[in-house]
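Right, one structure below, let's go through it.
Here is the naming used below: chain letters follow the sequence lines, and residue numbers restart at 1 for every chain.
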Amino acid sequence: MRPALGLSVQALTVRFGDYTAVDGLSFDLPPGGTLGIVGESGSGKSTVLRAVCGLARRQAGSVALTGEDSPAAPGTAAFRRQVQMVFQDPYGSLHPRQTVDRMLAEPLALHRIGADGPDRERRIERVLDDVGLGPGYRFRYPHQLSGGQRQRVAIARALILEPRLLLLDEPTSALDASVQAEVLNLLDALRQERGLAFLMVSHDLAVVTHLCENIAVMKGGRVEERLLASDLAEGRAEADYTRMLMRAAKGFARRDTVA
Amino acid sequence: MSDAHPLLEVRDLRVAYPSRDRSAGSGWTEVVRGVGFSLGRERLGIVGESGSGKSQTGRAILGLTAPGGRVTAATLKLGDIDLLACSERERRSLRGGRIAMVLQDPKYALNPVLRVGQQIEETWLAHAPAGKRGGRTERRERVAAALREVGIDDPARVMRLYPHEVSGGMGQRVMIAMMLIAEPELLIADEPTSALDVSVQLQVLAVLDRLVAGRGMGLIFVSHDLRLVQSFCDRVLVMYAGRVVEECRACDLDRAQHPYTRGLLSCLPELGGTRRPLPVLDRKPEWASENAAPR
């Protein structure tokens, strides 16, 4: 197995006009580790992922890979190959007029991977197999796939470059509960097989703690609290905001049973 | 809780759409297949995954099935009114009057070019009993009261806002206020909190809860979120492939009998859960069979 990669983000700031979405955020993801960012809409959690992979511009701060001697710098092709992202909505993130085959071939062509045709063929077949889609899905269009199958294609598209850090932006929130379980199991298995590092964003505490060991709770562009998933599970949260999220995750509680 | 005079009675409700694939048998695809329940002044949850027919059931009750769809039922009665015998005009006057609906996303359900207050007032004008519409000041006062009732403390300010100026949680409260101003007996809420953050979700649910308890309304709460329905509703219908596969009291959901319900509950990750891999649903063709009685 290749050496695992980690990520170090220091004093990251992202502004959109006058609005500061991410405000001096720092965190370290150890090589091969898992970090889950939890927060509500507008907390800046997705923007962190976008800033890491270069989809949002950093106004200040640094993003660096860790874990090997000369890690690829952000903005280089090598960085983009090692860091891949899976987006929230598989209904929006796949090209509606491209077949699965074409969507998987494109990253290979862009990064000039696989010298000849047969090699690319093999890679596409293998990655489809890895995400649990048979060869029968290879020449389908997105509209011929279910939500769970589409998200598998999105994961395959990220995996085909053999990345070492996956950025997961709410990868299961658009899926039904039973399909969510399948995708979570797939991600879990892939991580164990390949020693991938995960940086995951979600509003669902249970989903995040299922995949990630370290948790950062974000609010208003800053980290409100950092804790281990096991702490969260046992209710050892300090910040009021984290406690509120935990209560909310338990469902609706009727306060006035008397009235 | 189905008392002697149910608010709503549904027997063998079926909704079908023409199939695109003409070669497949009759040419109709049934998306709701023989749903039946009666509703008193209670909170009834309808849960299921996408495509289970839960929203179609709600829409058929309102008479909002998409054009081309075919709705049939042995019984579809709101109080003493036979909804299937009603003309389109009568259905329309019921809609928003005696039955109201709260939709999933206030961003799309509110009219973007009308101020919030005007939209609420419009509902009142459409459904107020003749001669009770009141003058302008009276109507404004009524709108403000509706907004206060859903927990908005400064209705005068909110009334002047446009939908894009309000947050998701506020928008959903505005929707609820709009639905309530005509004092319906039955409220159908289709995923009313799915587009909202968890903390806001709970506030909106608290508003709904208070209104249902305070006014003695019936509520049909359509959702994919089993845990939420379990904690919020009195009774739950679990739908699969257009049929009700299980009906039980919400507090008994953990002791559900049907393998589908049990599978849905167990495939959710839990805080502090250590199950790896998560159990996944092994869908059995007999779950969809029409002959299997609901448990």
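Of the listed residues (A:Ala248, A:Gly147, A:Gly42), the greatest number of heavy-atom pairs within a distance under 4.5 Å of chain B belongs to A:Ala248. Between chain A and the options B:Gly214, B:Cys267, B:Ala213, B:Gly263, heavy-atom pairs under 4.5 Å are most frequent for B:Cys267.
For CZ of B:Arg33, the number of neighbouring non-hydrogen atoms (other residues, nucleotides, ligands) closer than 6.0 Å is greater than 12. B:Lys284 NZ: more than 12 foreign heavy atoms inside a 6.0 Å radius. In this structure, B:Tyr240 places its OH atom where more than 12 heavy-atom neighbours from other residues, nucleotides or ligands lie under 6.0 Å away. Counting non-hydrogen atoms of other residues, nucleotides and ligands closer than 6.0 Å to CZ of B:Arg283 gives a total above 12. The environment of B:Tyr108 atom OH is sparse: at most 12 non-hydrogen atoms of other residues, nucleotides or ligands sit within 6.0 angstrom.
Closest approach of A:Ala181 and B:Pro279 over heavy atoms only: CB-O, 3.9 Å. Summarising the geometry of B:Arg276 relative to A:Thr209, their closest heavy-atom pair is NH2-O, 4.1 Å, with the distance given to 0.1 Å. Considering every non-hydrogen atom in both B:Ala206 and A:Phe252, the closest pair reads N-CE1, 3.5 Å.
Heavy atoms closer than 4.5 Å to chain B are found in the side chain of A:Leu184, but not in its backbone. Of the atoms belonging to B:Leu268, it is side-chain heavy atoms, and not backbone ones, that fall under 4.5 Å from chain A.
The CG atom of B:Leu202 sits 12.0 Å away from atom NZ of A:Lys250, with the distance rounded to the nearest 0.5 Å. The structure places CD of A:Gln180 at 8.0 Å from CG of B:Leu278, a figure rounded to the nearest 0.5 Å. A distance of 8.0 Å separates NE2 of A:His210 from CZ of B:Arg275, quoted to the nearest 0.5 Å. If you take CD on B:Glu49 and CG on A:Leu175, they are separated by 10.5 Å, rounding to the nearest 0.5 Å.
Within residues 227-245 of chain A, the residues that have a heavy atom under 4.5 Å from a heavy atom of chain B are A:Leu232, A:Ala233, A:Met244, A:Leu245, listed by number.
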